[in-house]
Each structure stands twice: as structure tokens, then as C-alpha cells.
**Q** 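Below are the C-alpha cells for one structure; questions will follow.
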Protein chains: 2
Amino acid sequence: MCGIVGATSVSEVLPILLKGLEKLEYRGYDSAGVYVNYSESKDYLIKAKGRVSALEEETSKVEIHGTSGIAHTRWATHGGVTVENAHPHKSEDGRFYLVHNGVIENYEALRDTYLQGVTLQSQTDTEVAVQLIDKFAKDNQLNALEALRMMISKLDGNSAYGFLLMDRQEPGIMYAAKRKSPLLIGVSEGTNVVTSDATAVLDITHDFIELIDGEVAIVSKDKVTLLNEAGETIVRAPYHLDIDESATDKGVYPYYMLKEIDEQAIVAHTLAQHYFDEAGQIINIDADIISQIKRADRLYIVAAGTSYHAGLVGKRYFEQWTHTPTEVHIASEFAYDQPLLSENPFFIFLSQSGETADSREVLQNIKAQQFPTLTIANVMNSTLTREADFALPLLAGPEIAVASTKAYTAQIIVQVILAHAVENSGLDLKEELAKLAIDMQTIIDDKEIFKTIAEEALDGQRSAFYIGRGLDAAVAMEAALKLKEISYVQTEGFAAGELKHGTISLIEDATPVFGLITQSKTAGLVRGNIEETKARGANAIVLATQSLSRPGDDYVLPDVNELLAPVLSVIPAQLIAYYSTLARGLDVDRPRNLAKSVTVQ
Amino acid sequence: MCGIVGATSVSEVLPILLKGLEKLEYRGYDSAGVYVNYSESKDYLIKAKGRVSALEEETSKVEIHGTSGIAHTRWATHGGVTVENAHPHKSEDGRFYLVHNGVIENYEALRDTYLQGVTLQSQTDTEVAVQLIDKFAKDNQLNALEALRMMISKLDGNSAYGFLLMDRQEPGIMYAAKRKSPLLIGVSEGTNVVTSDATAVLDITHDFIELIDGEVAIVSKDKVTLLNEAGETIVRAPYHLDIDESATDKGVYPYYMLKEIDEQAIVAHTLAQHYFDEAGQIINIDADIISQIKRADRLYIVAAGTSYHAGLVGKRYFEQWTHTPTEVHIASEFAYDQPLLSENPFFIFLSQSGETADSREVLQNIKAQQFPTLTIANVMNSTLTREADFALPLLAGPEIAVASTKAYTAQIIVQVILAHAVENSGLDLKEELAKLAIDMQTIIDDKEIFKTIAEEALDGQRSAFYIGRGLDAAVAMEAALKLKEISYVQTEGFAAGELKHGTISLIEDATPVFGLITQSKTAGLVRGNIEETKARGANAIVLATQSLSRPGDDYVLPDVNELLAPVLSVIPAQLIAYYSTLARGLDVDRPRNLAKSVTVQ
């Protein structure tokens, strides 16, 4: 994963780099580092383990000047979390400095072939890359650009990279190159920047030049030169990115996650406004999307993590309303074990960031097979939205907390709307969504109840379960992910009927088992399964919709069309995850080991 | 779940009942109980919490005589594990005694409607049933048969039951009734028995009369009368069951699980002998099965637990060799949320016992839709094999340990053979299976290695992960289930690429992460994912096939056709589960909360 930012300017760049890293922390926060060049003979390389704030403390100890530099925040892939493994990495002789986002698959083979005489300082694939550049430059009398391109030519096809390189001998110049990993060039008067994510530099510019796989860019403070894979100069105009920087501010909230949970009702409202006109007719969905889905004999939803769980819910809308069989696939599995496809498939990619490497790999394969593709994502202008035939926005606003909340509910709602657009569901959907938004707010406003449930049920527990059937099983999987990824309580989401086929042996005295009951046809069976866990000592917490509730249930959700229930029933789970994590004194927004946007495979 | 045995004889029945319960413990061992009738005025009801051995201790304290009786071993569904909740349950006045396997969905409504004046002694649905019989008998002057039928008529359609009822006023008579739950009548000279599983009474008889859903039987020591749902007498001839009772003996092994792991190579050999002739041609697969699969446009594999995991593997054979798109479904989900089906589906049910209630529910739905069905199971003459259009045996011999091992590998091998029978795989499959059996034995013989791995990696750990991609991901899920269901180490099996989308936050110092590497196209990616966990402190244990192994891997599996690798790579996981459970001092064969054959939904 990792986040990259670099700048070359008429003025000091350290503040730009540090502020950029702060914004990029969602891409990884195992370690951070910065390289600033003052002149051919004076430069600074500073690295620190942990958060960007640790790096800032280190840089504050030295007086640093320089008008060009590169910086990096790391999500560890190869090599442990140490200062040595932090980026930027440098060549043995201190000439080249490199930051990297991605994975070099064949770095061990390259190291063994070319770097026998070189003593490596780290366990990273990235250091191998920068040492190779130095080696090739020395051995073949190449300049930085040539050595970079030669190094790239040695990487195997599975490797992914966003590189940003500086050569101490050329102050003020950055070399950027990418394949599979995102990299953008931001342009402005007197300062040009390169970054893995536009949000890192929105206070500098909103104008960006896209870098395409295989290209290399030479960036100075007043000039950007693009070279294609053959080394020929190409020209590409910048595009203007219309994002409000202030939307990424968490304001009065202690954590972004709570802010984002709170925003869900507004997002539902925004989506209803965006996708329906005054008369309740669908708008803002390309007629081609609808006709292509109608033509498809089978839909394939491809996603990862929380988005995958949203896909499991979405499947029901497409099957029930558009009568199109729908399969939901984990992107990283589909990429290398593509199932047999139907004759006329239509692909839907779900993502928050639009940069998920696993999904991107699938998208490229599918495009090569010339099947139609749609990306539903929160960040438009992202790789997945740009590269798919069609794109629909989630309009959830920036999601900063690593644990996704409002993007999940938005993904479900957009799928609801899309399925309805393809084949009228018979619902007055705009009206239903308006009601849904009010119900969402009701549940959100009950946060003290979930705080109490979280503190009582999860105190001291290391395991938990969410169970349900049908749509409730799909939500149980997302609910479990939410809890485990931030509280580190190992939680499994289960089809309630499957628990007894082995996993129920984990239930012991007071193990929390959250039962979701929103589907009338299976409500009785889920209650039976909950009883089975209680018979073994479980502390069962039942969340049921009004009409299916019984005395003693722990929370009663408002009644809603049963197909739309996931949008409501996930909210208690989000709040339970939030409060149990808070009670454990952990960082809600930045759980260990994770990164917001997963741009490695 | 639960196990039922009853007997009426010319001689004492207590030994028959206790021996039967021992054999039935695999169906649940939360509590056990027995009712023996000596005469209208003298009878015995004895119950105990825990294993059958605890009940035997209780019965040994009293001198018990009687020539008819019923007994039960319980897997708790409604109501905790207590003596009060153990079966048999009796009516308030001590006239009726009932054992029950299944779940009465509407027992609370029935209780509130009919039993306001009755003080219930337990929290079970079963007691409601027996009190209803008594109530109906009293209020309406009904005999036992009439009262039983009236009670049954009040149960809602989702309820499942195998009932065995005795009326103190009619010594020597048992009333049996069933719906969804299995119940068989065993007949012999001087002794007739009723049981949920033939293996409980094989020392009495091998001749059984099948009871069909909705029927009631009146059984005395020399007569069996069957009534259909309308109350009309019907006649059905017994069938002879050809099972060797001695095969259920664990012999020199400390646990059945180890015996069954050891038997896997022999099972592979047996399957090769059974399904191929001398010339390597397929035999013993009905030509209709093959033609119906050829005709199908899509296969649906339906199963639960370990069998579901075997289906995930089987999918690849059908897709790669027969080129038929294949979906694998969790039975309990499919039953109530049936996905949109293709036009010409073919259904394959995978089961060990052939009695899995979840799968049976699906089979009944599918039969009602008149689609062709095949059951692949270990117990022929079981409900699923009898009710499907076709059946193929696993020939694994009795599997007694709750954690399935040899049935899983046998399920994979039979799917391999079946896919090859439909469309020649191009492999000399008989030869490949012979080689596979030898490789299986090699791994099994390395058990000391896995004992060491288990003891070192899992000592004191509460969490673990198995990861892999493609077929290795499917095996990872089974490997995780094996470990967690018997050792209670919460283990998740993951598609290696999906871990970073949240769950990786659970990795901490020394968390065991088992990496499976048997598939060349994803080997590099899985190694990358393993590195990601190591970078966060995980104790990575790598199991790789010879040609994909690297120095330092923890175990090297023999090279094999990559599609067949799951049969090998699961064995280390089985042995690691076994030895880590042993090291924790737990009962390997009978993990808490579980039952071998899951006959409730």
C-alpha cells in the first residue's frame, strides 16, 4: 500500500511533504520518512517508526531547508516494521533516493542476479530497486532516467509500483513511474507535486495530470515531461478535481469513524436526491448502463473486504428485481481463479477508494475479455472509475476512518437504486429511501444504547459472533469485520444455520453472540439457532425489527421493507464496534496493521 | 440433533438401550436419559448430565428390570444443559414418556394456548409435546395413539421431529413418529427396536423398516404396525443393511480421529478400486448420472460444514474438466434464500452421514421443483441417499470422530472421479489416485513433524489463521474449521489476498499463520501475503509442494497434479488440529457443544 508525496518548488517543501503525509496516513502508518534536497552536496534523510507525528518530531530536531523532496508513509509488505525498512530508501553511495508503493514480486531473484557485491541495509523489495538503479547507472554510464527505465524493465509482470526517485546530482528534479499502483502529478504555479492520492495536496492544487501504467514523468518546479513505455515524449492535459478539502476535517468528533457513522442518514438523503428527480423518476444513470444490464444473462459483482459484503447484499436486489442471476466474488480470488463465465456477463466493481489493487487486476482481465464493466465507488476520477466503461458515485464524501461505514451503506443504496432503475421494483423507492434515512437517524441517535451493549457484552471478551440468515447473514459478515478490525476481538459473521457444523464449539460461558433478525421467513430458525448458543452459555444479544421482535430483545429496529433492512441493521454493529474499541483505549480510526486504501495485492 | 433408541423385547432392555446410547453419542452428548417400563405400576426414569457414562453410573445404582423402554442422548437446542432438560420428558401425571430428536418451532405458542394450567419442569420444546399429549388424552378421552396424532397435527410446518412415546398404561408398546428427523424400526425375533441411526442397534438386527415423514408406527416385541398420515394402515417390507459393526471400533488408537486420519490412504485406494476397472475405465457410476450432468447447464453443490468445504474444491473439477459452471452453496442458506437457478440445473448433495437436516430441506425443495439430484455420502441407505435420484458412496467406512477427516478427502476424490467420468480429464486418473494414496501415506507417516509444529506454534495461542489462494483458499477454510472445532483456538481460513482488507489487524506477535502453497500461478502472491503477516509479527508456518518450496519452509509436500493437491495439503492441517488438541488435554473425538450428525436446522 503506502502513501507517496513529493514536491519541487520555488520555496521550501518540507511543510508540503509533512502535511501531505498526514493526509496519506490512511494508506499505512507503520513508519514514515522524508528526503529533502538542498543542493548537490547537502540533503536530509529522516525516517521514523510509527505515525507521521513521530517523523515530525524527528524533523523538528534539525533545521531542514530545501526546495525539492520526497516522502512516504508505509504499510509493511516485505520486511518488518523498523526504521531501516522505512522509505525513502537510498543507494549504497547515497546518490539515489526512492519511495515506492506496490510490490516487486521478483526482488529476490534480481538481488541475487545483480547485487551480489552490495550490502543491503533493509529487508525491503524497494531497496533492491534503488540499488539496481545505482548499479545500472554506474555499470552502464546511465543518467537517472535511463537507469530508472532499465530497472523497471527488469521487474516481472506481476510487480506493481508507484516510484518517485531523486538523484542527488540533480536537485529540483523528481522522476515518477507507475504500474498498477496509483500516481498523480499535481501542477501549479511555482510548485509541482507527485502523489499517490490527490487529497494529500489539495491545498497546493486541484489540477492533476494522470500517469498511465508504464509511463515515466520528469517533474521539476516549472515543467512536467511525460514519456511513454517506448521512451517517446507525450502530452496530456491536466484535469481539474472538484473536491472540497474541508470535507476531510473531522470537526467536533473525537474520531472520523463516529462522524462517518453519523453522516449515513445524510448520505442516504443525498443519494435519493441525486438519483431521483422530483417525480421520483431515475436520473443520473446512463441509459447504456441500464440497457447493458438488461442484456446481461448474469451479473458478477467483484469487490474486497467491506465492499464485498455490500455486494452480498446487492445480489438480492438484482436477483429479485431484475431477475438476473448474480454472483459475488472476492476480487483477489477471481483475479487468479476466474470461474466459468456466462455468455453475456456484466461486471460491477464495488470500491470505496476506487484504487483497490485486487479489483483493478480483475478489471484489467475483464476489459481484455471485452465484457462491459461498471464501477460503483466513492472516489470518482479514481483508477477503477476511470478504467471501467461506466461509473456511478457513492456520494458519501471523504471516508477517512480505516473501518468503512458510510461507504458500505451507500454501496447498498446505490445497488438498490440501480436494480430498481433496471426493473421497477414496485416500490416508491424515493419515498422508501426518505423513510430509510429517518430510520437510520433514529438508530444513530440511540448510540448510548449501543455504547452500553458494547461495554457490557464485550468487556474482557476475545471472541464474538454475529449470526443471521439470508440478508442477515450478509450483514453478519460485515458486522463481524467491523468489530474485529478495530477492536481486535476475533469476531466471525456466520450464516446462523452453519454455526452448528463446527464453529459452535468455540462458544463458552459469556461469549457474545449477536443475533440479527430482520427477515420474516427465517426469524424462527434464527431464534432457534440463538437458543442453541444460549444452551451452551453464550451471552446472546438480539437485534430484531419491530414486527419480528419479542419481549427481551436487546434492540428493536424500525420496521422497513425487508430487502432494505441491511442499511439499518448494520448501524448497531458499527456503533458497537466503535464503542467497544473506545472502551479498550484503542485508536478507532487507525487500527494496527491496516491501511484505508489497499493498493497492493 | 440428539440420538434416540427404544426397545421392546421378550427379555431385559436396559443393556440394549445403554449400548445403543453409547453408539449414538456422536449425535450429541450434553445429557442422556432412559425410561424403562416393568409394569403399569413400576417403571424407572433416570437422567444424567454429560456423557452416557454418567448415565450408566446412575443406572448402576438401582436395580432396573423391564422389557420395554426408550432412551435418548441430547444435543441441546432449547434450554441449557441440565438434568431437567434431559430426555425422556414425562407428562405431569407420570403417564406419558417421550424422547424427541428435532425442533418444535411453535412450542411457545402451543404452550401458551394449551398448557396454561400445567407446571413445566424444563425449558424444552419436547416437554411441551408430552404435556400436550397428556392434555389431549385427558380432555378428549383419547388413547395414546390418538393423543400423539392430535399433538402432531398442532405442530407447524417448520417443525422437525423423531418421536418415541411410551404410555405407562400400555407396557411393551412404543409409538414412533417422524418428520424431517431420521427414525428407523429394527425388527428381529423377540425384540423390536426403534432408533435414529441403525448403527446403534446392529448387534440386535440388520433388518430395518423405513419410517416416512408423517407416518406413525406402533411397535411391540412381536409386531410393527404402520399408519400413514391419514391414519390408514400400510405395509412396508424391511430392508437388510449390510454394515460391519466391527468397523466402528477404534482398536489400538487413542482416538477415532487419529485412526480416521490414518485410514485416508486406504480410502483413496478403495475408491480407485471401486470406481475404475482393471483397464482404468470408470465403473459403478450410473450412466444416467453422467448423461444428466452432461445435459445440465449449471451444477449446484449443496452441503454444510466440512462437506461444504469439499464442495468448494469439487467446483474446480467440474468447471475445468466438464466445463459446467458450478456453484457451491451452504445448505442452510440455500434452503430459505434460493438463488435464481439456471434452466437445467443438476444438484449434488455432499454429506458424511446423509442425514444433515439443512441439506435435506434443500433436497425436498429441489425435488418439488423436479430437478435431478445426486447425493454423495458415506452412509448409504441414509435419508439423503434414499431421497435423491442418484447416490454415490464415499466408502470411507464409519466415521466416528466428530471432526470429519476421511469423509472430506473421500468427498474430494469422488468428485474428481465423477468429473472425470463426465468428461475425460486427460489424466490417467486411476494411476494418479494410486500415486496420491502413496503420497497421502508419506504425509501421514510424518506425524511427528506436525506434532512438533502443533506444540510449538499453538501453545498458549487463542487465534490462528490458515491462508492460501484458489484451491489453497478452499483448503484453508477446512483446515481452519478442523483446528477450531476441536482445539477451540479461534481459527479463520482466508483467501490470502482478502486478509489485508480488515482481518490482518488481528495479527499480533507470534500469532500462528499457516500458509498453504500448492498452486503455481499464485505461489508468489501468497508468499507476499505471508510476508505481510510476518512484518506484523506473525509466526508464519509455510506448507508448500516440492516444486514451489523455498529453503526454510516448514513442511514440503510431495509434488502432485495441482488440482489434486487439496487431498494432500489438508492432512497436515488435520494432524496439527489433532496434536494441538491433545496437547491441550481435550477430548479429540468429542469437542464440546457439537454432534457428529446434524439433524436439526
Side-chain angles (χ1 to χ4, degrees), chain A residues 30 76-81 103 105 158 304-306 308 319 323-325 327 330-333 336-337 339-340 342 358 462-463 469-470 473 481 484-486 488 490 492 495-498 500-507 521-522 524-525 528 531-532 534-536 591-594 598 600-601, chain B residues 30 76-81 103 105 158 304-306 308 319 323-325 327 330-333 336-337 339-340 342 358 462-463 469-470 473 481 484-486 488 490 492 495-498 500-507 521-522 524-525 528 531-532 534-536 591-594 598 600-601:
Chain A
D30 289 334
T77 55
H78 294 80
V81 178
V103 173
E105 289 280 335
N158 285 327
T306 289
Y308 169 71
E319 294 214 328
H323 310 293
T324 317
E327 299 181 13
I330 292 174
S332 65
E333 286 293 291
Y336 299 94
D337 276 284
L340 289 182
S342 65
D358 291 320
R462 296 195 40 152
S463 302
R469 288 180 182 235
L481 177 60
K484 76 175 161 184
E485 69 179 331
I486 61 174
Y488 317 145
Q490 191 162 3
E492 294 186 71
E498 185 68 359
K500 62 190 173 296
H501 295 287
T503 302
I504 200 172
S505 79
L506 294 175
I507 303 289
K521 67 183 160 184
T522 53
L525 288 165
E531 289 300 319
E532 288 159 12
K534 281 167 71 174
R536 278 138 192 99
R592 67 186 179 199
N593 303 346
L594 288 177
V598 185
V600 296
Q601 293 187 43
Chain B
D30 288 334
T77 55
H78 294 79
V81 177
V103 174
E105 289 280 335
N158 284 327
T306 289
Y308 170 70
E319 294 215 329
H323 310 292
T324 317
E327 299 182 14
I330 292 174
S332 65
E333 286 293 292
Y336 299 94
D337 275 284
L340 289 183
S342 66
D358 292 320
R462 295 195 43 152
S463 302
R469 288 179 183 237
L481 177 60
K484 77 176 160 184
E485 69 179 330
I486 60 173
Y488 319 143
Q490 192 163 3
E492 293 186 70
E498 185 69 359
K500 61 188 175 297
H501 295 287
T503 301
I504 199 172
S505 78
L506 293 176
I507 302 288
K521 68 183 161 186
T522 53
L525 288 165
E531 290 300 319
E532 288 160 12
K534 281 167 72 174
R536 279 141 192 97
R592 67 185 179 201
N593 303 346
L594 288 177
V598 185
V600 296
Q601 293 186 43

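A note on names: the letters A, B, ... follow the listed sequences, proteins ahead of strands, and every chain is numbered from 1. Note that the coordinates shown come from a computational prediction; the quantities given were computed from them, not determined experimentally.
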**Q** With chain A, which of B/G80, B/G502, B/A495 has the greatest number of heavy-atom pairs at distances under 4.5 Å?
**A**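 Greatest number of close heavy-atom pairs with chain A: B/G502.
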**Q** Taking A/E319 for its side chain and B/P339 for its backbone only, find out whether a donor-acceptor pair lies under 3.5 Å.
**A**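 A pair under 3.5 Å: no.
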**Q** Keeping the roles fixed (side chain from B/E333, backbone from A/G470), state whether a donor-acceptor pair exists under 3.5 Å.
**A**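 Looks like yes, one N/O pair under 3.5 Å.
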**Q** Measure A/L481 against the heavy atoms of chain B and call it side chain, backbone, both or neither at under 4.5 Å.
**A**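 Answer is side chain: those atoms of A/L481 sit under 4.5 Å from chain B.
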**Q** Sort out for me which of A/H323, A/E327, A/K534, A/R462 touches chain B most, counting heavy-atom pairs under 4.5 Å.
**A**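 The residue among A/H323, A/E327, A/K534, A/R462 with the greatest pair count is A/R462.
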**Q** Which heavy atom in A/T522 sits nearest to a heavy atom in B/Y336, and how many Å separate them?
**A**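 For A/T522 versus B/Y336, the nearest heavy atoms are CG2-CB, 3.4 Å.
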**Q** Is B/E105 close to chain A through its backbone or its side chain, or both, or neither, when contacts mean heavy atoms under 4.5 Å?
**A**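 The side chain, not the backbone.
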**Q** Check each atom of B/L525 against the heavy atoms of chain A and say whether the ones under 4.5 Å are side chain, backbone, both or neither.
**A**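 B/L525 touches chain A through backbone and side-chain heavy atoms alike.
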**Q** Report which part of B/I330 has an atom under 4.5 Å of a heavy atom belonging to chain A: side chain, backbone, both, or neither.
**A**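 It is the side chain, since no backbone atom gets that close.
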**Q** For A/T503 and B/K484, which I'm curious about, is there any donor-acceptor pair between the side chains at under 3.5 Å?
**A**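 On atom types as modelled, these side chains qualify, holding a pair under 3.5 Å.
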**Q** Can you see which heavy atom on A/G79 is nearest to which on B/A535, and at what distance?
**A**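 Closest approach of A/G79 to B/A535, heavy atoms only: O-CB, 3.2 Å.
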**Q** Once you round to the nearest 0.5 Å, how far does CD of A/E498 lie from OH of B/Y308?
**A**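 One finds 7.5 Å between CD of A/E498 and OH of B/Y308.
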**Q** Quick one: does any side-chain atom of B/N593 pair with a main-chain N or O of A/I507 as donor and acceptor, under 3.5 Å?
**A**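 A pair under 3.5 Å: yes.
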**Q** Considering only heavy atoms, which portion of B/D358 lies under 4.5 Å from any heavy atom of chain A: side chain, backbone, both, or neither?
**A**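 Only the side chain of B/D358 comes within 4.5 Å of chain A.
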**Q** Could you walk me through whether A/L340 and B/T324 pass the side chain to side chain contact (heavy atoms under 4.5 Å, CB included) check?
**A** CA-CA 8 Å; A/L340 289 182; B/T324 317; 5.6 Å; no
**Q** Can you confirm whether the side chains of B/Q490 and A/S463 place a donor and an acceptor under 3.5 Å from each other?
**A**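 Note: B/Q490 and A/S463 side chains meet the donor-acceptor criterion.
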**Q** Taking side chain as everything from C-beta outward and backbone as N, CA, C, O, which of these in B/V81 sits under 4.5 Å from a heavy atom of chain A? Side chain, backbone, both or neither.
**A**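 For B/V81, backbone and side chain are both near chain A.
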**Q** With rounding to the nearest 0.5 Å, note down the distance linking CG in A/D337 to NZ in B/K521.
**A**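 Separation between the atoms: 4.0 Å.
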**Q** Would you check if the side chain of B/R536 reaches a backbone N or O of A/A76 as a donor-acceptor pair within less than 3.5 Å?
**A**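 Yes, because the side chain of B/R536 sits within donor-acceptor range (under 3.5 Å) of the backbone of A/A76.
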**Q** Taking all non-hydrogen atoms of both residues into account, name the closest pair between A/A304 and B/H501 and its distance.
**A**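 Looking at all heavy atoms of both residues, the closest pair is CB-NE2, 3.3 Å.
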